[in-house]
Amino acid sequence: MLKFFYFCKPINSNKIRNQMDYNFHEIEKKWQKYWEDNKTFKTPEDLTNPKKCYALDMFPYPSGAGLHVGHPEGYTATDIFSRYKRMKGFNVLHPMGWDAFGLPAEQYAIQTGTHPSIITNKNCDTFRRQIKELGLSYDWDKEINTTDPGYFKWTQWIFIRLYNTWFDDKLQKGRPVSELQIPENVSALGKKEVNNYIDSKRLAYYDNAQVWWCPTCRIVCANEEVLNDGTHEKCGNRVEKKNLKQWMLRIPLYAERLLKGIDTLDWPEGIKDMQRNWIGRSTGAEVDFKIEGLDKDLTVFTTRPDTLFGATYMVIAPEHPLTEAITTGENRKIVNDYIKASSLKSELDRTDLAKEKTGVFTGRYAINPVNKKKVPIWVADYVLTGYGTGAIMAVPAHDTRDFEFAQKFGLPIVCIQDPDVTDQEQKSRILKGEECWTEDGKYINSSDKSTGIDINGMNKEAGIDFVTRWLESKNLGKSKVNYKLRDWLFSRQRYWGEPFPVIHWEDGEITLLNENELPLELPELEKYLPGASGESPLSNSTEWLNVTDKNGRKGRRETNTMPQWAGSCWYYLRFIDPGNDKLPFDSTKEKYWMPVDLYIGGAEHAVLHLLYSRFWHKVLFDLGIVSTDEPYQRLFNQGMILAFAYETEAGAKVSVDLVEERDGKFYHKETGAVLRQIVAKMSKSLRNVVNPDDVVSKYGADSLRLYEMFMGPLDVVKPWDENGVKGVYGFLGRAFRFFSNPENVFEGEEDPEILKMLHKTIKKVGGDIESLNFNTAISAMMILLNLAYKKGKVTLKTADKFTQILSPFAPHISEELWSLLGHKGTITYEPWPEFNEDFMKEDVFEYPISFNGKMRFKIELPVSMAKDEIIKVVMADERTMKWIASCTPSNIIVVPNRIVNIVFKN
RNA sequence: GCCCGGAUGGUGGAAUGGUAGACACGCAGGACUUAAAAUCCUGUGGCCAUUACGGCUGUGCGGGUUCAAGUCCCGCUCCGGGUACCA
């Protein structure tokens, strides 16, 4: 600690100015106050400037732990971008807010009995203070908080719109339910059936659903919130299946739109792929199989209708609606036992199911439509109820899962494709049905006289097309597209979330509140603990809960609340006009600012938040509420920041501050034990958390910002290393000492070498900011500063420009230098310096001369020198003689201003 | 299993197919200092030489294309992320 004592010197020490140290404490405090007092970063009101930039961070959940060093990474990136755009003359919208509903605050409320809003607000205050100390150029007048009734009023308002919207499949567009045509056969059945029909079309619906239930959190989870080991992503505990009435959103109706929209976005390809995979579009056909002895068809979905001739059995999911009808008398017991066992199993451990396939025969047969052959129908839980039709035709020769199942139960495996494979042994195994083949090949055994179909000799693509059209023409099936994406479970049994503006009446009717009744606020409670059986704590609040309409009809409010995703689904829109109490936002402002030009956050939101948010946005777009089809034009994911952690040989974790390094080895300061260094996520248990507050007090916010950007490319995972902070801190100190010293800055003609480097640097830094390559931008500025040190002095103009290009990265020190260089006010709106290619031109180029591709020496030559002239000079050089000795060059490659390569044979 | 990333000095990382290792850390040496810290300067991939402005080698592994490959192609290994009976 003593080491840094000198930082505490007052800024007005009696040292003369050219010996002034870089006192970041004073400088940062001074300029943060200046910005706040002058509202420097206020969003421009003038919407006539055609250049606008909406730079957005994924707003944080304000946890009790405060900011960690991962937060400022993305925030600094968007901040540099925003500051740069301001200097380029853009109107910039750069806001920050709080995604403040969430379980931890509620958990705390349960333990302490205090209202969650109290701890939430306290946490927001901490986050705000910490963020302000980083010098981020947010317009704090735009701050929002999802738990503010003035905010969630509009979340409820959007929910009402989701409820009142249906999806017109023909137009591929959401429309108000008032425009929904009721089919005559439905309207004939009366009002109740009409309402049921409308409800079946709404984007939001209330229904009994088999849902994942986390007994620890006492909350249901969306499919996406359950990890593949069957645990809840929030708490890590095992979830169970439960049947509960819940609110659901019909996001799959927008699957095609969500999929197509991806192509128009400037997002990382990896994230786009993840969204595509999540939506999971697959094309194929639905095929109807007659069931022997039953007047019903068994419809299956398949992506390979071409393999119908290889279908040797059928499988239905245990929960399939026809299971009971299909099962014959003598098989009833064994099938029922199986269904029971598999339902129990799924509750215990789904993942174990993946290891060994199980199933039982129903006793009944279906008829294969292409050849009229009888195929047995089995029940097996490797077929899922929720996907396709919940039934499949099994083609073991050409599907690995079916192959496994058929092998286990001795079902026939008929190869119908001569595989495109060169290995003759493998080919023979496949043809004999001893190995599964899922790639392309020419059909065999694929014709039938009774039905007249014949695809023998065709390949996969032609076969799929042919069979699908044949099925359609015979009315036996149709082409079909399926999506993995499921309805979104949209309610949680919790207190600390947006209340649904919904009343359930005693007669079964559901009504939504009128807009003038919004916001529906949360009641004060004494107990925040939810019921063990799945009811929300809100059901304890009788006064709030029970309502009566003007006719005396009794009703209960919805006691579930919305999931945390709700608030973040549209917050970027509220930032545009956060104070509006008449509308969620003004549409003129929305048209101006949308879409978001740059959106930065963690890749952990690649699927959930970004998909949900895009879904809501598309609905709002269809309803004419927003002007763009997509919300986030350009997305970027910052990589996680890891940290070194230390453990003893036994594996015990040792706090970072108890470790000392000697000769590249690590020792425990107290025990002297040798320690292992590992790189891992920052976590309390590893005792390797780096607190940004500590970094700020030790090196300053500018150093923290600069280091986070200098560590490496923004999108990669990288380990925190305090020595790296020292490095950029040194750079800022050097810059400060150099430019604040009047002896180094003069008025007059600039040295040509500096001028050239300055203009190169301006170009490089500007380009790197646009492409978010901040690490190389910083190194370019370091090179320029090193050159300035070498030359000893620069012109005032150069000093100004250096300060300007540094300012988006390290704003405090830049403001201070700007005023020390004699300027008034803030540097924020100074125009970004122009670069002049003329100054960057080189007269000479140092040609690397290589022989057979190996660089041997260099010759400095004029850039304008012609190729044959260059060859002459190079061939005349005595070093060339040495390298080619007595050989004759067979070729001489000259790439102007790049390289000379002399090719010869030994 | 499938889909995406990645692998470069002691470390973080640079390199439109054209001088591999920019910049920074660390380390070594020097200057300043009574001394240390801070600061400034110099050197620094490895190996062999040290008489040289010297040679050899080098971007996970094995092939290939090219005058020229860290970069492009084919085949692997390892690491990270996502996803998983999705028919």
What pairs of donor and acceptor atoms, side-chain ones from residues 282-289 of chain A against any protein atom, are under 3.5 angstrom apart with sequence neighbours left out?
from	atom 1	to	atom 2	distance (Å)
A:S282	OG	A:Y387	OH	2.8
A:D288	OD1	A:T299	OG1	2.8

With 3.5 Å as the limit, what N/O pairs link the protein to nucleotides 50-57 of chain B?
from	atom 1	to	atom 2	distance (Å)
B:C56	OP2	A:R856	NH1	2.8

Pairing string of RNA chain B (Watson-Crick or G-U wobble, both atom distances under 3.5 Å; | = paired to other strand) is (((((((..(((.....[....)))((((((.......))))))((((.....))))..(((((..]....))))))))))))....
Residues of residues 782-794 of chain A with a heavy atom under 4.0 Å from any atom of RNA chain B, listed by number, are A:M782, A:I783, A:N786, A:Y789
Residues two or more places apart in sequence or in another chain: which of them pass side chain to side chain donor-acceptor pair (under 3.5 Å) with [X]?
X	answer
A:D306	A:R304, A:Y443
A:T776	A:D768
A:K460	none
A:E837	A:K763

The nucleotide from B:A87, B:C3, B:C85 with an atom nearest the side chain of A:T302 is B:A87
Sorted by chain and residue number, the side-chain contact (heavy atoms from CB on, under 4.5 Å) partners of A:F857 (sequence neighbours excluded) come out as A:I849, A:F851, A:I859, A:D877, A:R879, A:T880, A:W883
To the nearest angstrom, the CD1-P distance between A:I778 and B:G12 comes to 18 Å
By salt bridge (Lys or Arg N to Asp or Glu O under 4.0 Å), A:E604 pairs with (sequence neighbours left out) none
If you measure from the Lys or Arg side-chain nitrogens to the Asp or Glu carboxylate oxygens, is any gap between A:K718 and A:E708 under 4.0 Å? no
Output a table of nitrogen or oxygen pairs between the protein and nucleotides 65-72 of chain B separated by less than 3.5 Å.
from	atom 1	to	atom 2	distance (Å)
B:C67	O2'	A:N901	ND2	3.1
B:C67	O2	A:N901	ND2	2.9

Polar pairs (N or O, both sides) under 3.5 Å between protein and nucleotides 76-80 of chain B?
none

